[in-house]
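Just so you know, ligand 1 is whichever comes first in the structure, and atom 1 is the first atom listed for that ligand. Heads up: numbering here begins at 1 and tracks the sequence. Bear in mind the structure is a predicted one, so any value in this text is a computation, not a measurement.
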Amino acid sequence: MQFVWQVLCKTLKIVSDQFNFLIYFRYFSILLFVISRIKVDSELINQARLHWIGLRNKIYIVQCQFIIIGLENDSHSLWKMKIIILIPIQISLCLEVVRMIKGFKKHLSHFLCYFENYQISFDYSVQFKSFFKQKGHYRKIFMDQATQDLQENWNEQVETFEELTLGKDLLRGIFSYGFERPSAIQQKAIKPIILGKDVLAQAQSGTGKTGTFTIGALQRIDPNQRKTQVIILAPVRELAKQIYDVVKGIGQYLNIEAFCCIGGTSTQETREKCKQGVHIIIATPGRLIDMMKNKYLDATFMKLLVVDEADQMLDQGFSDNFAEILKMVPGDIQIALFSATFPQEIIELSKQFLRDGTAKILVKKEQLTLEGIRQFYIAIQQEDQKFRVLVELYKNLTVSQSILFCNSKKTVDDLYDKLTAEGFTVSKIHSQMEQKEREQVMQEFKKGAARILVSTDLMGRGIDVQQLSLVINYEFPRLKEQYIHRVGRAGRYGRKGVAINMVAQQEANLLLEVEKYYNTKIDEMPKDLAEVEKELS
Ligand SMILES: Nc1ncnc2c1ncn2[C@@H]1O[C@H](COP(=O)(O)OP(=O)(O)OP(=O)(O)O)[C@@H](O)[C@H]1O
């Protein structure tokens, strides 16, 4: 107990030193929760529970999990709380607490959440607002529900690239890259990036989101300042590499150096590059955190953080990484989130760090499936029949290139072996393969040298292979968002494509859910494959 208090006092000292925070304590009756990774004994937790109601000017250390339990069991006591402070904690647990507390928001005068240099607050008073505004070097995260709703709020659009008043060398790069007119998302979302606004932008798969943030980012960079000014984050290495190629292509006439900072490559080389200073870094989270934490990468001049596949990057598994990155970038950094899917809870979550005035461009879920893609299902009576049906399909369909999605690495390996044994020329890719091998597979597939690629969801998002016309879900994705992404590997930029779902009995519900949720039609596969081939040509 003694020890816990000591630690608490030390923590508060650090916090108060940094934020002059305790001054405000006098003006409120406070229930302060200091959430830490310190193990708290059950006696203390029991005491905290006893004192849950009626605490005045007292400080308790409880674990985040306890708050969650406490809130579940005893929500009435919430009205007693004027301020809740969470210091320093695991973001995922904290966000869970935030979610629960938000339900009772009207009883709270303040909610503040602190990660070392990462703050969340809502319903803050003028006094607090001005206080935080002084702290320019921290990412300010004010959640004012009244001004931050979930609706689309950005309708300005341009008809041509010229209207965006881009630098002439950037414009030249765009045209040489083959873009003549901006796509719908480019018409809308490049502008707010250039204006320095935070952006949350959604658009269907294959409609040019990469071009959107690439053009926006390149325009924001000052080539004369050889410092890292923009970070583009992507969840997987292959996607980061692809974005890097687009940045290089569109930025070919600019005096801007780009670098792809991803795992599986030489750490030494990455360190040297980062130390030298490059204008724009396209990265996966692990390697980026490594470079920033170990001070190889200077964050001082960063002004834009683009997050591709943002819903995935903010979801479990990646969210701690993202929080860690937020802690290390300047507090006033511009953030641009992009994805084809933004589940409601992710939009909610993003409100906690996107600034007021964020430009939001959204797509109704009913409009997410692409018109150019015909979707079929084949009902499989027994799981072991799947493979035979697949072989028949490949024997009878003429397809230029296709991708076969499985839910696990093991299924990818098994399927690859079985198809190879049947005489098909197949490639495979998943995260447990060596980076060199992954790169080679990708290169060959993009060149069109490999016709069938068996993959996990590693290839499910973002990957752009124009001649890919057929997606087969050998196993139906567990998440409905993932269905949209997988199927979107075909039918890029208005092309035609086909998605075939091989659905065993236990997967039928998932398919029905997708149909209903996206209000889309997945037809039974016709006996006459000519009808399918028509869609592929
Ligand atoms: N303005 C344009 N004119 C012509 N082609 C374009 C234009 N914008 C993008 N494209 C092409 O469209 C294809 C798909 O673009 P991109 O990969 O950016 O889509 P995306 O929206 O990021 O897709 P996903 O949701 O799968 O990540 C690419 O091959 C790209 O070169």
Side-chain angles (χ1 to χ4, degrees), residues 157-164 166 170-171 173-191 193 199-218 232-236 238-252 282 306-313 336-342 361-363 365 367-370 372-373 401 403 405 442 445-448 455 457-469 471 477 481-497 499 518:
Q157 64 180 72
V158 295
E159 294 298 316
T160 64
F161 286 118
E162 285 88 342
E163 277 175 70
L164 288 164
L166 304 166
L170 176 54
L171 203 55
I174 294 169
F175 293 136
S176 326
Y177 194 71
F179 293 0
E180 288 169 12
R181 277 176 47 83
S183 67
I185 187 68
Q186 290 159 3
Q187 289 179 2
K188 280 188 171 181
I190 296 174
K191 184 81 176 279
I193 300 181
V199 174
L200 187 148
Q202 181 182 21
Q204 292 89 341
S205 304
T207 55
K209 291 184 288 296
T210 315
T212 308
F213 58 70
T214 299
I215 296 168
L218 289 173
I232 300 178
L233 260 186
V236 295
E238 285 71 14
L239 182 55
K241 176 73 179 48
Q242 180 181 291
I243 297 169
Y244 169 78
D245 291 338
V246 177
V247 170
K248 292 290 281 179
I250 295 181
Q252 61 186 296
I282 300 93
V306 175
V307 188
D308 195 15
E309 308 304 342
D311 56 328
Q312 189 180 9
M313 299 293 277
L337 306 178
F338 280 82
S339 183
T341 49
F342 272 111
I361 298 160
L362 297 171
V363 179
K365 61 183 171 37
Q367 291 165 2
L368 266 188
T369 44
L370 295 163
I373 300 179
Q401 273 190 299
I403 192 158
F405 281 113
M442 268 313 282
F445 195 63
K446 285 203 158 188
K447 275 198 319 225
S455 175
D457 275 317
L458 188 84
M459 292 284 108
R461 283 173 175 252
I463 298 301
D464 180 53
V465 180
Q466 299 199 358
Q467 58 282 13
L468 177 72
S469 52
V471 169
E481 288 78 24
Q482 209 50 35
Y483 179 83
I484 293 292
H485 289 277
R486 282 186 184 182
V487 165
R489 292 320 96 212
R492 310 290 293 166
Y493 210 70
R495 289 177 180 78
K496 287 207 308 188
Y518 294 109

**Request:** Tell me, yes or no, whether the heavy-atom count around Glu162 atom CD, taken from other residues, nucleotides or ligands under 6.0 Å, exceeds 12.
**Result:** yes
**Message:** For atom 29 (O) of ligand 1, which of the options Asp464, Ile250, Ile185, Ile243 provides the nearest non-hydrogen atom?
**Reply:** Asp464
**Item:** Atom indices of ligand 1, in the order listed, that fall short of 4.0 Å to a heavy atom of Gly462
**Value:** 26 (O), 27 (O)
**Item:** The single option from Glu238, Glu481, Glu309 passing salt bridge (charged side-chain N to carboxylate O under 4.0 Å, His left out) against Arg461
**Value:** Glu309
**Prompt:** With side chains defined as the heavy atoms from C-beta onward, is the minimum distance between His485 and Thr341 less than 4.5 Å?
**Reply:** yes
**Prompt:** Considering only heavy atoms of Arg181, which atoms of ligand 1 have at least one such atom less than 4.0 Å away?
**Reply:** 1 (N), 2 (C), 3 (N)
**Prompt:** Would a distance-only check, ignoring hydrogens and angles, find a side-chain to backbone donor-acceptor pair under 3.5 Å from Gln157 to Ala189?
**Reply:** no
**Request:** Kindly say whether Gln367 contributes a backbone atom to a donor-acceptor pair with the side chain of Gln204 at under 3.5 angstrom?
**Result:** yes
**Prompt:** Any non-hydrogen atom of Ala203 lying under 4.0 Å from ligand 1?
**Reply:** no
**For Glu309, atoms of ligand 1 separated by under 4.0 Å from a heavy atom** = 27 (O)
**Prompt:** Nearest to atom 8 (N) of ligand 1, what protein heavy atom do you find, and at what distance?
**Reply:** Gln186 NE2, 2.9 Å
**Request:** Just jot down the ligand 1 atoms closer than 4.0 angstrom to any heavy atom of Arg492, in number order.
**Result:** 14 (C), 16 (P), 17 (O), 19 (O), 20 (P), 23 (O), 24 (P), 26 (O)
**Prompt:** Which option, Gly211, Gly488, Gly208, owns the non-hydrogen atom nearest atom 19 (O) of ligand 1?
**Reply:** Gly208
**Request:** Report the relative orientation of the aromatic rings in Phe175 and Phe161; use parallel for angles under 30°, tilted for 30 to 60°, perpendicular for over 60°.
**Result:** perpendicular
**Request:** Could you list the atoms of ligand 1 found under 4.0 angstrom from a heavy atom of Gln466?
**Result:** 29 (O)
**Message:** Show the atoms of ligand 1 that are less than 4.0 angstrom away from any heavy atom in Ser183.
**Reply:** 1 (N)
**Fill in**
Any heavy atom of Thr210 under 4.0 Å from ligand 1? The part involved is both
**Message:** For atom 4 (C) of ligand 1, what's the nearest protein heavy-atom neighbour? Residue, atom name and distance, please.
**Reply:** Tyr493 CE2, 3.4 Å
**Asked** Should Asp464 and Lys209 count as an ion pair when the cut-off is N to O under 4.0 Å?
**Response** no
**Asked** Nearest protein heavy-atom contact for atom 6 (C) of ligand 1: which residue, which atom, what distance?
**Response** Phe179 CE1, 3.2 Å
**Asked** Going by heavy atoms in the side chains, are Phe445 and Met459 under 4.5 Å from each other?
**Response** no
**Asked** When you look for heavy atoms under 4.0 Å from ligand 1, do you find them on the side chain of His485, its backbone, both, or neither?
**Response** neither
**Asked** Would a distance-only check, ignoring hydrogens and angles, find a side-chain to backbone donor-acceptor pair under 3.5 Å from Gln186 to Gly208?
**Response** yes
**Asked** Side chains of Ser339 and Met313: does their closest heavy-atom pair fall under 4.5 Å?
**Response** no
**Request:** Distance to 0.1 Å, residue and atom name: give those for the protein heavy atom nearest to atom 21 (O) of ligand 1.
**Result:** Lys209 NZ, 2.8 Å
**Distance from atom 23 (O) of ligand 1 to nearest protein heavy atom, with residue and atom** = Gly206 N, 2.8 Å
